[in-house]
Amino acid sequence: MNLQLEISLRVRRAIAAAFPSAADAAPLVVQAQNAQFGDYQSNAAMGLGKRLGQKPREVAQKIIDQLDLGDLLAKPEIAGPGFINLRLRPEFLAQALAAVATDDRLGVPLAADPRTVVVDFGGPNTCKPMHVGHLRSPIIGDAICRLLRFLGHKVVGDNHLGDWGTQFGLLIAGFRRFGPEVPESADPLERLVAIYKLATALADQDESFRAEARAELAKLQAGDPANLAQWRQFSAWSLSHFNEMYARLGVHFDETLGESSYNSMLAGVVEDLKSRGLARPSEGAICVFWDDEKLPPLLIQKSDGAFLYATTDLATLKYRCDRWHPSEIVIVTDARQQLHFNQIFDAARRWGIAEDVVLRHVFFGTILGPDGRPLKTRSGDLVALKDVLDEAENRALAVVRDKSPDLSSEEMAAIARVVGIGAIKYADLSQNHQSDFVFNWDKMLALQGNTAPYLQYAYARIRSILRKGNEPGLAASAAPLLLTEPAEAALALKLLRLPEAIDAATDDFRLNLLSNYLFELSAVFTTFYESCPVLKSDPAVRAVRLRLCDLTARVLKQGLDLLGIDVVERM
RNA sequence: GCGCCCGUAGCUCAAUUGGAUAGAGUAUUGGGCUUCGAACCCAAGGGUUGCAGGUUCGAGUCCUGCCGGGCGCACCA
C-alpha cells in the first residue's frame, strides 16, 4: 500500500464532507519534512481557507472532524498557520510491517491500469566502438523498463541503432581498398575502425575515391546484394561488440530495430505528410512547417532526394504505434535533441499517427570530466566505454583486495564486477538525469558515502547477520512486529515507504528519487544496526529485529534491482 | 538574433513541483571498534539559493528585467 496515497484519499474525502463546495480541492498530503511534525502532513487548509474566506486553522479543524482515522492514524494536530500533522498509530506500523514481510512484492501494488510502453534507448552508431557518451541512455532506459515491468506494465525496450547513413559508402569503398593491407585481428570492429580512418584520410585528398564512395553508397541504397551483404557484416561485427557491453552493464533489450528497419517506409512518410498539407517543398527540399512559427521547419527530404533522420524518426513512431498500439512511447536521448523531438512529436500528432499515445522525451545531460569538459583521451577521442567499465572494475577490485583479503580471487573478481558497474550506474541514477553528469573516477569509485557500494555493503552486512541468526520460518509469520526502540520504528516506517518511492520515481521517471530512498533506508538501517543489537538480544526482541533485517535486505535488493544494480552476499 | 536548459555550503548534488528552521554526500574538525562486518556510526562548523524587483498568509520553486554558463536553431545524426 502507498501510505501517502491512502492518506490523501482519506483527506480528500474529509474535505468533500466538510466543504461540499470545495470537494475538488487537492488534499496536499506529503511526508513530513521533520519528524517533530509527525509522519505525514496535509497543507490543504491554508489554500482552502483563502478560497472559502475562512480561517485556515478552523478549516483544518473541520477537515480533521471529518477525517476517517481508522486504525491507521493517531489523533491529528493543527500547527502553525493551518498545517495538519498526521502520525501513524504504532499498532498500525506493527501490523502493516508484518503484512509486508510476507509479501513477495514488498507492499508494492501492481498498476491498476496496465499499459503498453515502448522505451527507446541505447542507439549507438554501428561501425564504431561504444564510448563514454553511450553510458547514460542504457543505464537510464533500462531502469525505466525495470520499473514499469515491476508495476505490471507491458514494456518493449528497443535499441534504435544508428545503422544507416552516408558513411557506409566510404566504409564499403574503404574496406575494399584497405582491407587487404590491414591485418585481421581478434576484434573485427577495431579493424573496421582502422580502415575507416584510412578511408576518410584518403577521401580528404582524392576526388576519385570520394566518387567511388558515393557510387558504393548509391548501390547500397539501391539494394545491391553485394553491398548489402557487406553492410550486414559490418552490423554483425558492431552488434557483437554492443552485446558484450550491454551484457557487462546488465542491460536488456526486447527489440533491436535500427534506423535501417524503416527505409522502406520513408518515401511513404514524405508523401503522406505532403498530401495532408503538413509538408511542402522549400528551396528544393521538403519541409514540415508550423505556420504559426511555434517551431522551426523540420527537413524531411533533402534536395537530392535523400531522407533524413527526422524522416526515420517519424517512420519509427508510426511503426511503433501500428505494431504495438502503445499508450506511451518514451525516448531516452541526450538533452541536445529536445528541439528535434518537440518537432517530431508535434508533427506526429498533427499527422494523426499517435492519437491517444503519450509521447515523452526523457533527456539527459552530457557526461563531463572533473574539469567540466567532455571526457576525452589525450588524443582527443571520447573515452571508450570498455575502458570505463574496466577501470571501474579494476578500482573496485583493488578495494575488495584491501578490505577482504580472505576471499578467493574468483570471489573478488565477481564482487568487483558487481561493485564497479553498480558504482557507475548508481552515480548516474542518483542524480537528476536532466543535468550534466560530472564523471569523477575518484569520487564515484571511492566507494563511500552516497554510492552503490554503501548500499551493497549495508546489504552484505545484513546477510551476514541473517546467516548467523538463521532461524526457520523467519518470514513465514504474519504476527505483528512490536517495535519499542525509536530506531526500530524509524526503520519500519522507511520500509513501508517503498511504494511511495517507486511511484514517485515512475511518475516523471525521476530515478534519483528511488536512489535517494534506498540511500536513506540504508542510513536508517545502519543507525538501527549501531543502536539495536540483533543476535545478542532477548529472543522476542531478536525475532522482531531479525525480521526487520530480513525485510531491509529484501527491499534493498529489490530496489537496487529496479535500478539495474546487483548485490553480493559478501564483499 | 530566436528558442530550450541551468545558476543552491569549498566541491558534487537534493529539496515530495508554492509549505514550517533550505537538506545529503564529500572535504575539514572532534569522538566511537576485547560487542552481530569500522567500505560504518555520532557530533560540530560551513548558506543573502547569481543580482534586483513583483505576485501572497507563505517563494530555491511562479512572473518581469538584468548578470553568468551550457546547448540547440534546413539539406549530419
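Each chain gets a letter, A, B and so on, in the order its sequence line appears, and its residues count up from 1.
With hydrogens and angles ignored, the 3.5 Å screen pairs no side-chain donor or acceptor of A:T526 with any backbone N or O of A:Y529. In terms of modelled atom types and a separation under 3.5 Å, the side chain of A:S137 and the main chain of A:T333 share no donor-acceptor contact.
Using N1 to N3 plus N6-O4 or O6-N4 for Watson-Crick, or N1-O2 and O6-N3 for G-U wobble, each under 3.5 Å, B:C51 pairs with B:G65. For B:G37, there is no paired nucleotide, since no Watson-Crick or G-U wobble pair has both relevant distances below 3.5 Å. Nucleotide B:C2 forms a Watson-Crick or G-U wobble pair with B:G72, both donor-acceptor distances falling under 3.5 Å. When both pairing distances are held under 3.5 Å, B:A14 makes no Watson-Crick or G-U pair with any nucleotide shown.
Here A:N440 lies out of heavy-atom contact (under 4.0 Å) with every strand. Residue A:N43 is classed as a base contact, given a heavy-atom separation below 4.0 Å to a base. A:A285 comes within 4.0 angstrom of a base, heavy atoms only. Nucleic acid contact class of A:T526 (heavy atoms, under 4.0 Å, all strands): sugar-phosphate only. Residue A:N85 is classed as a base contact, given a heavy-atom separation below 4.0 Å to a base. Residue-level contact check: A:A79 touches the bases, meaning some heavy atom is under 4.0 Å from a base atom. Using a 4.0 Å heavy-atom distance criterion, A:Y454 is classed as a sugar-phosphate-only contact. Contacts of A:Q41 with the nucleic acid, taken as non-hydrogen atoms under 4.0 Å apart, include base atoms. Residue A:D508 is classed as a base contact, given a heavy-atom separation below 4.0 Å to a base. At the heavy-atom level, A:Q36 lies under 4.0 Å from base atoms of the strands shown. Residue A:A460 is classed as a base contact, given a heavy-atom separation below 4.0 Å to a base. Using a 4.0 Å heavy-atom distance criterion, A:V399 is classed as a base contact. Counting any heavy atom pair closer than 4.0 Å across all strands shown, A:E293 reaches no nucleic acid atom. Looking at heavy-atom distances under 4.0 Å, A:E520 makes no contact with the nucleic acid at all.
Residue A:R461 places at least one side-chain N or O under 4.0 Å from the OP1 or OP2 atom of B:A38. An OP1 or OP2 oxygen of B:A14 is reached within less than 4.0 angstrom by a side-chain nitrogen or oxygen of A:S435. The shortest distance between the side-chain N/O atoms of A:S404 and the OP1/OP2 oxygens of B:A39 is not below 4.0 Å. For the OP1/OP2 pair of B:C76 and a distance below 4.0 Å, the side-chain nitrogens and oxygens of A:K302 include at least one atom meeting the criterion. At the phosphate of B:C13, neither OP1 nor OP2 sits under 4.0 Å from any side-chain N or O atom of A:R510. Put simply, A:K50 has a side-chain N or O that comes within less than 4.0 Å of OP1 or OP2 on B:C57. At B:A77, none of the side-chain N or O atoms of A:Y309 fall inside 4.0 Å of OP1 or OP2 (strictly under the cut-off). In this model, the phosphate group of B:A20 is approached by a side-chain N or O of A:Q33 to a distance below 4.0 Å at OP1 or OP2.
Comparing the P positions of B:U16 and B:G60 gives a spacing of 12 Å, expressed to the nearest Å. B:G31 sits 45 Å from B:G69 when the P atoms are compared, rounded to a whole Å. When the P atom is used for both B:A24 and B:A43, the distance is 10 Å, rounded to whole Å. Annotation: B:G72 and B:C6 have their C1' atoms spaced 14 Å apart (nearest Å). With C1' as the reference atom, B:G46 and B:A22 are 14 Å apart, rounded to whole Å. Straight-line distance between the C1' atoms of B:C11 and B:G53: roughly 32 Å, to the nearest whole Å. A distance of about 30 Å separates the C1' atoms of B:U49 and B:G30, rounded to the whole Å.
When distances run from any side-chain atom of A:N516 to the nucleotides B:A14, B:A39, B:G25, the shortest one goes to B:A14. Side-chain atoms of A:D436 lie closest to B:G70 of the nucleotides B:G19, B:G70, B:A74. Considering only the side chain of A:F289, B:A74 comes nearest among B:A74, B:C41, B:A39. Residue A:Y457 places its side chain closer to B:A39 than to any other of B:A39, B:U17, B:A14. Among the nucleotides B:U16, B:G72, B:A24, the one closest to any side-chain atom of A:R336 is B:G72. Of the listed nucleotides (B:C75, B:C36, B:A15), B:C36 has the atom at the smallest distance from the side chain of A:K536. Of the candidate nucleotides B:C41, B:G72, B:G37, B:G37 has the atom nearest to the side chain of A:K468.
Ring-base stacking between A:F83 and B:A20 is satisfied, the centre separation being under 5.5 Å and the plane angle under 30°. In this pair, A:Y529 lays its aromatic ring flat on the base of B:C36, centres within 5.5 Å and planes under 30 degrees apart. Stacking of the aromatic ring of A:F37 onto the base of B:A20 is found: the ring centres lie under 5.5 Å apart and the planes are inclined by under 30°.
Atom CD1 of A:I462 and atom P of B:C41 are 13 Å apart (whole Å). Computed from coordinates, the A:Y517 OH to B:C13 P distance equals 26 Å when rounded to whole Å. Atom CG in A:L407 sits roughly 12 Å away from atom C1' in B:G37 (whole-Å rounding). The distance from atom CD of A:Q448 to atom P of B:G25 is 12 Å, rounded to the nearest whole Å. The nearest whole Å value for the distance from the CG atom in A:L48 to the P atom in B:C57 is 15 Å. Regarding A:Q338, its CD atom lies at a distance of 11 Å from the P atom of B:G72, rounded to whole Å. Put simply, OH on A:Y426 is 10 Å from C1' on B:G25, counting in whole angstrom units. For the pair A:N512 CG and B:G23 P, the interatomic distance rounds to 19 Å; values are reported in whole Å.
The pair A:K62-A:E58 does not count as a salt bridge, with every side-chain nitrogen at least 4.0 angstrom from each carboxylate oxygen. Between A:D381 and A:K128 there is no salt bridge, since no side-chain nitrogen of the basic residue lies less than 4.0 Å from a carboxylate oxygen of the acidic one. Between A:E393 and A:R417, no side-chain nitrogen of the basic residue sits less than 4.0 Å from a carboxylate oxygen of the acidic one, so the salt-bridge criterion is not met.
Evaluated for a side chain to side chain contact (heavy atoms under 4.5 Å, CB included) with A:M571, the options A:I415, A:V399, A:V400, A:V418 yield exactly one hit, A:I415. Of the residues A:Y454, A:Y426, A:F525, the one that meets the ring pair (Phe, Tyr, Trp, His ring centres under 6.0 Å) test with A:F519 is A:Y454.
With A:Y517 as the aromatic partner, A:R497 does not meet the cation-pi criteria of under 6.0 angstrom to the ring centre and within 45 degrees of the ring axis.
Closest heavy-atom contact between A:L88 and A:D39: N-OD2, 2.8 Å.
A distance of 10.0 Å separates CD in A:Q41 from CD1 in A:I84, rounded to the nearest 0.5 Å.
The residue among A:V419 and A:M46 whose nearest nucleotide of RNA chain B is located toward the 5' end is A:M46.
Judged by atom type and distance alone, A:S282 reaches the base of B:A74 through a side-chain donor-acceptor pair under 3.5 Å.
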